[in-house]
Engineer: 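The structure follows.
In what follows, chains carry the letters A, B, and so on, assigned in the order in which the sequence lines appear, proteins first and then strands, with residues in each chain numbered from 1. Given the structure is predicted, the values throughout are model-derived calculations rather than measurements.
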Number of protein chains: 2
Amino acid sequence: MRSEDLTARARIRDAAVARFGRDGFRAPVRTIAEDAGVSAGLVIHHFGSKDALRATCDEHVLTVIREQKSAAISLASPSETIGLLAGVQEYAPLFAYIVRSLLDGGALAGHFVDGLVDDAVAYLKAGEEAGTVRSSADPAGRARQVVATQVGLLVMAQLDAAAGHGIAPTESPAAAITQLYDRAMLAGLELYTHGLFTDSSYLDAYLEYKEKP
Amino acid sequence: MRSEDLTARARIRDAAVARFGRDGFRAPVRTIAEDAGVSAGLVIHHFGSKDALRATCDEHVLTVIREQKSAAISLASPSETIGLLAGVQEYAPLFAYIVRSLLDGGALAGHFVDGLVDDAVAYLKAGEEAGTVRSSADPAGRARQVVATQVGLLVMAQLDAAAGHGIAPTESPAAAITQLYDRAMLAGLELYTHGLFTDSSYLDAYLEYKEKP
DNA sequence: GCCACGGCTGAACGGACGTTTAACGTAGTA
DNA sequence: TACTACGTTAAACGTCCGTTCAGCCGTGGC
C-alpha cells in the first residue's frame, strides 16, 4: 500500500480496504480512522456513511482489478488468474477484501466472479482454438464450474484456517494461495486431464434423461 | 420443523436455527425469542449467552446430519450428497444454517465439509472398486476438489441471489439446489467424463516440475 | 394452607458503534 | 485585516443489542 503522502480521503479508503479485508465488514469506523491516522468524524465527513465508504472501497478495488487485468492480458492458464493479484504483495489487501466480499455476499463479489467467469470463458475458448482444450456443449457452464472450484477451495481454506489448520486467505493471501495450489494442483490437473469417470455412462444417462424426462 | 408441543428450550433452539439460517448470525436474540414465543431473557436463562445458543445450534445440526447420514447410507452418487438434506422440506432450515456457517467461517462448517470430503473419499473409492471411477494419485485431494466445486457453486448461487438473479440457498434451499444442478449438471458431468484438456501435457509438465524444481 | 422452586417476563443496565454537532485552525481571497 | 471555505477534531447523541435483575406465577411437596 502506498503511504504517507496521500490525501486523507485516499488514506482512509486504503485503510478501510485493508481493515475490511483483515477483520471483515464489522470492523468499526473508529478502527479504520485510527489506521488512517484521522478521527472517526472525518471518515463520515468524507464518505457520508460507513456503507458509502464500503461502496467506495468496492469501486476502488474493482477499478484496480480492471487496470491490473488489462495490464496482464497475456496470462498463462485460467487457473492462475485468481492467484495473480495475491502474488504481488502490494495487492494482497485487495485480495483479502475480495474474499471478505465473497463471504459477505457483497455486490463487489458478484462482479468479481462474473469477471472471473467471463475470463474463464475466453481462456477456454482460446484453448479450444489452440487445440489444448476440449470443446463443450455448455461453455459458460463449464467456465462457471472451473471458477466455482477456485472459489470453493478459497472458502474451504478460510474454514481450515479458522479451525487452526493452514493459512487464512484473509490473513496472508499470497501464502494462502501458494498453500492452496500445493494441496490442490495435482488432483486438479488430474481431474482436468483424465476426468473422473472411466466411461461416459453417467453423462449419457443425464443426456437421455434430459431429452425425455 | 416440529411445532407446539415442544419444550420451550427446544422451541428456542429450532427458532434460532431457522432465524440464523435466514438472516445470518447477526440476528438479534429478541427476534429469535419472538419467533419462539418467549422473552429474550428466557433465551439467555436457558443457554447462558447468544454464543452458547449458537454452539447448541451447531451441535444440534451436526447431530441431525449424522443421524440423517447413517439413515441414508445407500446414496446414489457423491454429487447428490449435498443436496439430499435440502430436498426434504423439513430439513431446509438446517441446510440454510449450514450455508450461513460456511460463509461465517464457523466451526460447524469445518466439521461439515470435513464430513463431505470424507464421504467423497469413500464414494470415489467405492466407484474405483466398481470400475466406474478412475484411480487417482491423490484421492484425498481429488475428493476435496469435488467438494470444493459444490461449495463454490453454493457460494456463487448466494451471490447471484444477492444480485437479484436466482434463488438464495439461505432462502429456499431446496429450490436453490434444484436450480444449481439445472445450471451446472451438464458441464459438471462433461468435465468429470472427458476432462478439460485434450492431452496430458499440463499434467506431465506439473509432474516433471514437481520432481526437479 | 404454606413454602420453595423453576419457568418465565418486563424493565432496566451498559457497552459498542454509527452519526451529529460545535468548534478550531489554516489557507486562500478581497 | 477581515471574511470565507474547508479539513479536522473531540465530545456528545441516539440506537441497537446482549445481558442482568427483581419479581410474578404455577406446580409439587410438606
Engineer: Can you give the first and last nucleotides of DNA chain C, 5' to 3', that have an atom under 4.0 Å from a heavy atom of chain A?
Structural biologist: C:dC17 to C:dT20
Engineer: Check whether the ring centres of B:Y91 and B:Y97 lie less than 6.0 Å apart, and answer yes or no.
Structural biologist: no
Engineer: Compute whether any side-chain donor of one residue and acceptor of the other, for B:H60 and B:R13, lie under 3.5 angstrom apart.
Structural biologist: yes
Engineer: Calculate the interatomic distance between A:R11 atom CZ and D:dG7 atom C1'; express it in whole Å.
Structural biologist: 11 Å
Engineer: Using the side-chain heavy atoms of B:P28, tell me which of these nucleotides is nearest: D:dT8, D:dT19, D:dC17.
Structural biologist: D:dC17
Engineer: Could you give the CD1-to-C1' distance, from A:I44 to D:dG7, as a whole number of Å?
Structural biologist: 16 Å
Engineer: State whether A:F197 and B:R134 meet the cation-pi test: NZ (Lys) or CZ (Arg) under 6.0 Å from the six-membered ring centroid, and within 45° of the perpendicular axis.
Structural biologist: no
Engineer: Could you check A:R144 against A:D114 for salt bridge (Lys or Arg N to Asp or Glu O under 4.0 Å), going step by step and ending with a plain yes or no?
Structural biologist: CA-CA 9 Å; A:R144 202 175 152 80; A:D114 283 353; 5.6 Å; no
Engineer: Atom CD of A:E34 and atom C1' of D:dT8: how far apart are they, to the nearest Å?
Structural biologist: 17 Å
Engineer: Looking only at side chains, do B:Q158 and B:T170 share a donor and an acceptor under 3.5 Å apart?
Structural biologist: yes
Engineer: Please report the interatomic distance CG(A:D14) to CZ(A:R9), rounded to the nearest 0.5 Å.
Structural biologist: 11.5 Å
Engineer: For B:F25 and D:dG18, give me the distance from atom CZ to atom P, rounded to whole Å.
Structural biologist: 14 Å
Engineer: Before accepting this row, confirm whether a basic side-chain N of the pair B:K125/B:E129 lies closer than 4.0 Å to the acidic partner's carboxylate O.
Structural biologist: yes
Engineer: Regarding A:R54 and the six-membered ring of A:F20, is the cationic atom NZ or CZ under 6.0 Å from the ring centre and inside 45° of its axis?
Structural biologist: no
Engineer: Can you sort out which residues in residues 45-55 of chain A have a heavy atom within less than 4.0 Å of DNA chain C? Ascending by number, please.
Structural biologist: A:S49, A:K50
